[in-house]
There are 2 protein chains.
Amino acid sequence: MSETLSHKEALQHSGLKNTKQRSAILNILEKATQPLNADQIYLALVTEKVAINLSTVYRVLNTLAEKELIIKTSSVSDNKALFERNDFKHQHHLVCVECKEIILVDECPFEEYEKKLNEKIGFTILGHQLEIYGICDKCQKRIEEENKRSI
Amino acid sequence: MSETLSHKEALQHSGLKNTKQRSAILNILEKATQPLNADQIYLALVTEKVAINLSTVYRVLNTLAEKELIIKTSSVSDNKALFERNDFKHQHHLVCVECKEIILVDECPFEEYEKKLNEKIGFTILGHQLEIYGICDKCQKRIEEENKRSI
DNA sequence: CTATCTGCAAAATTTTTGCATGGCA
DNA sequence: TGCCATGCAAAAATTTTGCAGATAG
């Protein structure tokens with residue numbers, strides 16, 4: 001399995017040992033279509049008959065996030081930590097405060113800004129964490145509809 | 001105090017009673033230059049000699065967020081719930097990873113970006129949580145100096 | 001072989017809840 | 001007055017940690 005192989009390489013490259021727990025967690029995140037929380041990952045592993053402890057899940061996730069193999073974010077609705085694989089594309093999350101859906105966007109408004117800050121105050125930006133929240137198109141329309149009806 | 005008055009009106013408009021705890025919390029968020037978590041709000045209230053219980057803070061914050069008088073988000077780094085007033089005038093933090101100093105900047109690269117996102121995918125931005133990290137001018141120069149000396 | 005990793009149990013932290021009392025409309 | 005809101009204490013939920021035994025390199 002080439003995925004497992006690349007996980008092994010990724011772990012080694014980060015100076016981490018290639019254990020079945022770590023590899024299994026990377027596999028889960030590989031398959032996921034949206035960020036998952038620790039419990040969801042734990043349950044997915046149990047379903048796949050992977051023997052693991054929830055505290056190990058947390059520890060592995062934090063380790064992988066530190067090494068930037070995965071990305072740690074957090075959910076607005078129930079504020080649990082969320083994790084997703086780092087495909088090294090620079091993306092940001094749009095979180096709808098109504099339906100809690102997460103929309104991924106590739107564009108980033110920072111290239112410009114980073115340059116400006118550096119010129120202005122000499123601050124060198126290494127990175128940033130950005131979460132944008134608002135209301136998605138679908139919810140906006142639903143809300144408008146509801147308002148019309150209630151008049 | 002006109003702020004207190006508008007809080008009273010805002011609460012009434014949402015069908016909520018105007019209690020000193022709710023008003024005090026709205027006041028704290030009014031003054032804040034960035035989203036605050038429940039504990040920070042509680043501490044700010046205690047500092048201002050407002051008698052309140054932490055569970056009331058949580059309850060009030062959730063109620064206000066439901067009525068959309070405030071916005072609930074969550075922090076990426078320590079995933080705690082964050083709260084800010086709905087029409088937030090914000091600043092951003094530049095955190096130096098060397099000396100941990102925090103530099104406040106007023107400029108925000110989002111006005112442009114928000115417009116673009118709205119036109120493109122209909123997403124209406126209510127706010128955003130941004131953590132920028134890098135190296136400040138001072139540390140940059142110190143590091144360069146150290147490197148020169150070690151050659 | 002040994003430094004790192006995991007499981008387990010227990011603790012720490014954040015948030016929620018039940019119930020009796022208090023206070024706004 | 002009546003209902004909504006708060007305080008208090010206790011519980012629930014999420015995440016972290018210490019330690020002893022297991023395992024990858």
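Note that the coordinates shown come from a computational prediction; the quantities given were computed from them, not determined experimentally. To find a chain, count down the sequence lines: A is the first, B the second, and so on, and within it residues start at 1. Computation of the quantities below employed the complete heavy-atom set of this structure, encompassing side-chain atoms and omitting hydrogens, waters and symmetry-equivalent molecules.
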A/Q21 side chain near C/dG7 phosphate (N/O to OP1/OP2, under 4.0 Å): yes

Starting at atom [atom1] of [X], determine the distance to atom [atom2] of [N], rounded to an integer number of angstrom.
| X | N | atom1 | atom2 | value |
| --- | --- | --- | --- | --- |
| B/L16 | D/dC3 | CG | P | 18 Å |
| B/K20 | C/dC24 | NZ | P | 8 Å |
| B/L11 | C/dG23 | CG | P | 18 Å |
| B/N62 | C/dT16 | CG | C1' | 9 Å |
| B/L82 | C/dT15 | CG | C1' | 14 Å |
| B/Y42 | C/dT15 | OH | P | 15 Å |
| B/L61 | D/dA5 | CG | P | 14 Å |
| B/L64 | D/dA5 | CG | P | 11 Å |

From C-beta outward on [X], which listed nucleotide comes closest to its side chain: [options]?
| X | options | value |
| --- | --- | --- |
| B/K17 | D/dG7, D/dC4, C/dG7 | D/dC4 |
| B/R22 | C/dT15, D/dA5, D/dC8 | D/dA5 |
| B/K80 | D/dG7, C/dC5, C/dT15 | C/dT15 |
| B/Y58 | D/dG7, D/dA5, C/dT15 | C/dT15 |
| A/R59 | D/dT23, D/dT6, D/dG18 | D/dG18 |
| A/N53 | C/dT15, C/dC8, D/dT6 | C/dC8 |

Supply the atom-to-atom distance [X] [atom1] to [Y] [atom2], rounded to the nearest 0.5 angstrom.
| X | Y | atom1 | atom2 | answer |
| --- | --- | --- | --- | --- |
| B/E84 | B/L29 | CD | CG | 9.0 Å |
| A/I52 | A/L45 | CD1 | CG | 5.0 Å |
| A/N37 | A/Q40 | CG | CD | 4.0 Å |

Could you check whether [X] gets within reach of a base, just the sugar-phosphate, or nothing at all, counting any heavy atom under 4.0 Å?
| X | value |
| --- | --- |
| A/T19 | sugar-phosphate |
| B/S55 | base |
| A/D39 | nothing |

Path from B/F83 to B/L43 over hydrophobic side-chain contacts below 4.5 Å: no

Minimum heavy-atom distance A/L54-A/A38, with the two atoms named: CD1-O, 4.3 Å

5' priority, DNA chain C, between B/N37 and A/G15 [closest heavy atom]: A/G15

